[in-house]
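We use all heavy atoms of the structure for the numbers below, so side chains are in, but hydrogens, waters and symmetry mates are not. For clarity, every value in this text was computed on a predicted model and none was experimentally measured. Every chain is numbered from 1, with letters handed out A, B, ... down the list of sequences.
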2 protein chains.
Amino acid sequence: MPPPRRPGQRAGLTRARVLTGANELLAEHGVESVTMRGLAKHLEVTPNALYSHVTSKTALLDEMLDDLLAKVQTPDPQADDPRTGLHQLMSSTYHVLLTHQDLVPLYLARQGARGHNAQHLGEIMISLLARGGVTGQPAREALRVLIVYTIGFAAFAARGPLVPGDRPQPPNQELIANFDSGLHWLLTGIGVTK
Amino acid sequence: MPPPRRPGQRAGLTRARVLTGANELLAEHGVESVTMRGLAKHLEVTPNALYSHVTSKTALLDEMLDDLLAKVQTPDPQADDPRTGLHQLMSSTYHVLLTHQDLVPLYLARQGARGHNAQHLGEIMISLLARGGVTGQPAREALRVLIVYTIGFAAFAARGPLVPGDRPQPPNQELIANFDSGLHWLLTGIGVTK
DNA sequence: ACCTGAACACCGTTCAAGT
DNA sequence: ACCTGAACACCGTTCAAGT
């Protein structure tokens, strides 16, 4: 809690402050608490003040989504064979998404993955597929299939809270194993070589 | 438009009328138009009148979601081999979901598939997997993988309208082909026999 | 440029009261 | 039992005005 400002004193809001405030709210009270009005109260400004730094709530959420993908661990091109690398990349993405379960449904409900981080991961996947012997149209199809599968599974774990206000449950071990099985089936079917 | 009622005259609302009214709104103006207040206006009653027939908006949407699955075509156990049957069942599910694109994100955001129709389809899938040589724990995992993949792909097609109020776009042929490729890879990886 | 006050046009849901 | 009037506690966003 910052000290209360006297009238006439600047709030000193920045785009970055708005972003971190939104992430604080998300971490402490879940997606449902991330409202423009709630965020404004958290930052001790009036709701409309936010619009000097963010064009809309949607734009704010999009930014939060793409920022999340920066945490995905990319495989070492030297150390790992392409199939293992692909498996690890998708697995890391899945786990990152699981840490912010309640944000995932927005991925599918909205734009999916169009931010810079998302695009970067896509390029890495394409190169891994190529090294695994999959190129051209099949590679583009495999890319989409792997993305949809991974985000879909994360969204599935993120079943809406039974009671609104519930915090995310601990990651379900059975579901994680299930994700791995499916990923294995997919990579086998696609024919990615080791 | 029903004729205007005189004061004291009953509205004659029923649970079924509320459901069909909601589906009309969905078909004509999209999910975003399905609000309790908007639905009330469509049915020419006050908003709170709906709560005599439906416990909440969430319950209403759940019912709408499960009703949708009744339209899925189930394969003929006699005519088709299990792998083809499974492919057709998932494909039919995918196309049914595509006809109501904007409803799909709710599937993943909320309960997924818990209604009677969803459960019935799950049982058919399990028996098809068994006939295809997949039983026990692998069958349960395959079931979830196939469901997540199918709903995920439908949700992916259902990218939020770029401009709020946009109506669903015509089914994208490229995406449909992509769904088929992935489904093929999955069934191959799972090892469902013909 | 950045922020406030006030307002617009909405939401879901509840409660007391009427028939 | 079914429905209305009125209210509660919210939303996202815009606009004019102040510093």
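Among residues two or more places apart in sequence or in another chain, the side chain to side chain contact (heavy atoms under 4.5 Å, CB included) test is passed with A/Thr74 by A/Leu89, A/Leu121, A/Ile124. The side chain to side chain contact (heavy atoms under 4.5 Å, CB included) search around A/Arg131 returns A/Pro77, A/Pro82, A/Leu128, not counting sequence neighbours. Evaluation of the salt bridge (charged side-chain N to carboxylate O under 4.0 Å, His left out) rule for A/Glu174 yields B/Arg144 as partners, not counting sequence neighbours.
For B/His95 (side chain) and B/Ser91 (main-chain N/O), a donor-acceptor pair under 3.5 Å exists by modelled atom type.
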Identify each donor-acceptor pair in which a side-chain atom of residues 185-194 of chain B lies under 3.5 Å from a protein atom, sequence neighbours left out, and give them as a table.
{"residue": "B/Thr188", "atom": "OG1", "partner": "B/Arg83", "partner atom": "NH2", "Å": "3.1"}
{"residue": "B/Thr188", "atom": "OG1", "partner": "B/His184", "partner atom": "O", "Å": "2.9"}
{"residue": "B/Thr193", "atom": "OG1", "partner": "B/Gly132", "partner atom": "O", "Å": "3.1"}

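Distance B/Leu50 CG to D/dC3 P: 10 Å, rounded to the nearest Å. Separating the CD atom of B/Glu44 from the P atom of D/dT4 is a distance of 11 Å, rounded to the nearest angstrom. Atom pair B/His53:NE2 and D/dT4:C1' shows a separation of 14 Å (rounding to whole Å applied).
Taking atom P on both C/dC10 and D/dA9, the two are 22 Å apart, rounded to the nearest angstrom.
Here the straight-line distance linking atom NE2 of B/His116 with atom CG of B/Asp66 works out to 8.0 Å at 0.5 Å rounding.
The closest side-chain heavy-atom distance from A/Leu39 to A/Leu60 is below 4.5 Å.
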Output one letter per nucleotide in nucleotides 6-13 of chain C: B when a protein non-hydrogen atom lies under 4.0 Å from the base, S when only the sugar-phosphate is that close, - when neither is. BB---BBB

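No more than 12 heavy atoms of other residues, nucleotides or ligands shown are found within 6.0 angstrom of CD on B/Gln73.
In DNA chain C, runs of at least 3 stacked Watson-Crick or G-U pairs (N1-N3 plus N6-O4 or O6-N4, or N1-O2 plus O6-N3, all under 3.5 Å) give these stems: C:4-8 with D:12-16, C:12-16 with D:4-8.
Residue A/Ser52 places none of its side-chain N or O atoms closer than 4.0 Å to OP1 or OP2 of C/dC2.
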